[in-house]
Amino acid sequence: MENTEETVTILAVETSCDETAAAVVENGREVLSNVISSQIALHTLYGGVVPEIASRKHIEKINQVMEEALTQAGKKLSDMDAIAVTCGPGLVGALLVGVSAAKAVSFASGIPLIGVHHIEGHISANYIENRDLEPPFVCLVVSGGHSHLVVVKDYGEYEILGRTRDDAAGEAFDKVARAIGLGYPGGPKIDKVSREGNPDAIAFPRAKVGDSDYDFSFSGLKSAVLNYLNSCEMKGETYCQADVAASFQKAVVDVLTEHSIHAVEACGMKKFAIAGGVASNSALREALAQACKERDIAFYHPSPILCTDNAAMIGAAGYYEFLKGVRHGYDLNAAPNLKLGQSI
Ligand code: KG4
Ligand code: ZN
């Protein structure tokens, strides 16, 4: 690794889905600015993210958001040691906007360019508010597009223990929310409405994936919720939205908690972190905090604003790549299906 005594300041850019985001981060853990321009209101009209609209909006916003991140940080572009950008996975058109903008700024200024894996960003969000957290630890990454249980062996070094076989956890939240009339984005709405419901009202299944201790499957649970709603309709009965939400959420939380604790114990680790949009779910945080406390496992979780897509997390991940000497050329491309651990 390179000399770490000097301050390393990174301008980070994230446009993998529907947030146009830029941040300035010092030494991977000090966030000087974290600007997020959300497109949620726009996509709500269509009940989900429309990729073409997302790309177009990123183009409109990206320069403004990058300038705002520098202004809020009280920095100039020439103060930056690197520009880190999410290059995958994500929506290809959305990723391309951030990657192209970062390449253009890097080319014009001569500041080095670093491509960052989006999931690595989510995991690294934990370093920002937990100055003492260092690998190795186990991390549960649960977002709209991904559900992974990984061992973070070192900075940028991962072993994937389990992943979803079908829907990601966030995707299941969004689909169930739509089915019970809560609309988009579903996760935060289910979280809120569940507080009024009984989590034991309906016995939804906890899926087991036969040959794996750590893989997840959420499509069966989603179908069970849809079947329940259909059967209520056929019988001419009304259903309690809050009870369905709370019972569904409990089924997801039970499976995520059970698999996570099993992984932490099997790996003989004493540190566990969560990441991704679903990591801001209050029931999940409570269940994991309790399970960790009972077993004397240190539990780390980012604030909700650092769980959902943001650029500060990309600045955190980019810093550790910078220290390793990673620099990318102007042939850096958007990689919509980039796997965790795959070289960029
Ligand atoms: O990490 P993220 O912002 O984007 C991706 O990389 O996918 O995650 C977005 C996902 C959405 O599916 C959203 O419904 C879910 O995270 N989410 C939540 C909560 N807040 C966001 N799911 C459950 N409870 C929440 N409080
Ligand atoms: Zn994400």
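Each ligand, and each atom within it, is numbered from 1 in the order the structure gives. The shown structure was predicted, so the numbers you read here are calculated from the model rather than taken from an experiment.
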Just distances here: any N/O of [X] and N/O of ligand 1 closer than 3.5 Å?
X      : value
Gly277 : yes
Phe173 : no
Asp309 : yes
Asp191 : yes
Gly144 : yes

- Item | Residue part near ligand 1, for His118, under 4.0 Å between non-hydrogen atoms | side chain
- If you measure from each non-hydrogen atom of Glu19 to ligand 1, which part falls under 4.0 Å: side chain, backbone, both or neither? neither
Do NZ/NE/NH1/NH2 and the carboxylate oxygens of [X] and [Y] come within less than 4.0 Å?
X      : Y      : answer
Asp211 : Arg165 : yes
Lys175 : Glu171 : yes
Lys75  : Glu26  : yes

- Message: Whether Arg327 engages the ring of Phe322 as a cation-pi pair (distance to the six-membered ring centre under 6.0 angstrom, angle to the ring normal within 45°) should be assessed.
- Response: yes
- Note on the structure: In this structure, CG of Leu140 is separated from CD1 of Ile274 (nearest 0.5 Å) by 7.0 Å
For [X], the ligand 1 atoms whose distance to one of its heavy atoms is below 4.0 Å:
X      : answer
Thr308 : 3 (O)
Ser143 : 1 (O), 5 (C), 6 (O), 7 (O), 8 (O)
His122 : 1 (O), 6 (O)
Gly170 : 12 (O)
Gly145 : 7 (O)

Which donor-acceptor pairs under 3.5 Å do side chains of residues 77-104 form with protein atoms, sequence neighbours excluded?
from, atom 1, to, atom 2, distance (Å)
Asp79, OD2, Lys76, N, 2.7
Asp81, OD2, Thr9, N, 2.7
Thr86, OG1, Glu14, OE1, 2.6
Ser100, OG, Leu96, O, 2.6
Lys103, NZ, Tyr330, O, 3.1
Lys103, NZ, Leu332, O, 2.7

- Do any pairs count as a side-chain hydrogen bond (donor to acceptor under 3.5 Å, both in side chains) and have a residue in residues 224-245, sequence neighbours left out, and if so which ones? none
- Query: Can you tell me if Pro188 has a non-hydrogen atom under 4.0 Å from ligand 1?
  - Reply: yes
- Message: Check for me: within less than 2.8 Å of the Zn ion (ligand 2), which protein N/O/S atoms show up?
- Response: His118 NE2, His122 NE2, Asp309 OD1
- Decide side-chain hydrogen bond (donor to acceptor under 3.5 Å, both in side chains) for Glu19 and Thr308; before the verdict, give the C-alpha distance in whole Å, the side-chain angles of both, and the deciding distance to 0.1 Å. CA-CA 9 Å; Glu19 322 281 1; Thr308 44; 5.6 Å; no
- Provide, to 0.1 Å, the distance between atom 24 (N) of ligand 1 and the closest protein heavy atom, together with that atom's residue and name. Asn281 ND2, 3.0 Å
- Query: Which residue supplies the protein heavy atom nearest to atom 18 (C) of ligand 1, what is that atom called, and how far is it?
  - Reply: Gly187 CA, 3.4 Å
- Query: Does the pair Glu68 and Gln72 meet the rule for a side-chain hydrogen bond (donor to acceptor under 3.5 Å, both in side chains), with working shown?
  - Reply: CA-CA 6 Å; Glu68 185 62 23; Gln72 285 187 16; 2.8 Å; yes
- Item | Heavy-atom check, side chain of Met313 versus side chain of Leu306, under 4.5 Å | no
- Any side-chain heavy atom of Val255 within less than 4.5 Å of one from Leu221? no
- Query: Given Asp174, Asn310, Leu284, Asp18, which has its nearest heavy atom closest to atom 12 (O) of ligand 1?
  - Reply: Asp174
- Query: Apart from Leu42 itself, what residues make up its hydrophobic cluster, given side-chain heavy atom links below 4.5 Å?
  - Reply: Leu45, Tyr46, Val50, Ile53
- Message: Please check this pair: side chain of Arg178 against backbone of Asp174, looking for a donor-acceptor N/O pair closer than 3.5 Å.
- Response: no
- Is the centre of the Tyr127 ring less than 6.0 Å from the centre of the Tyr320 ring? yes
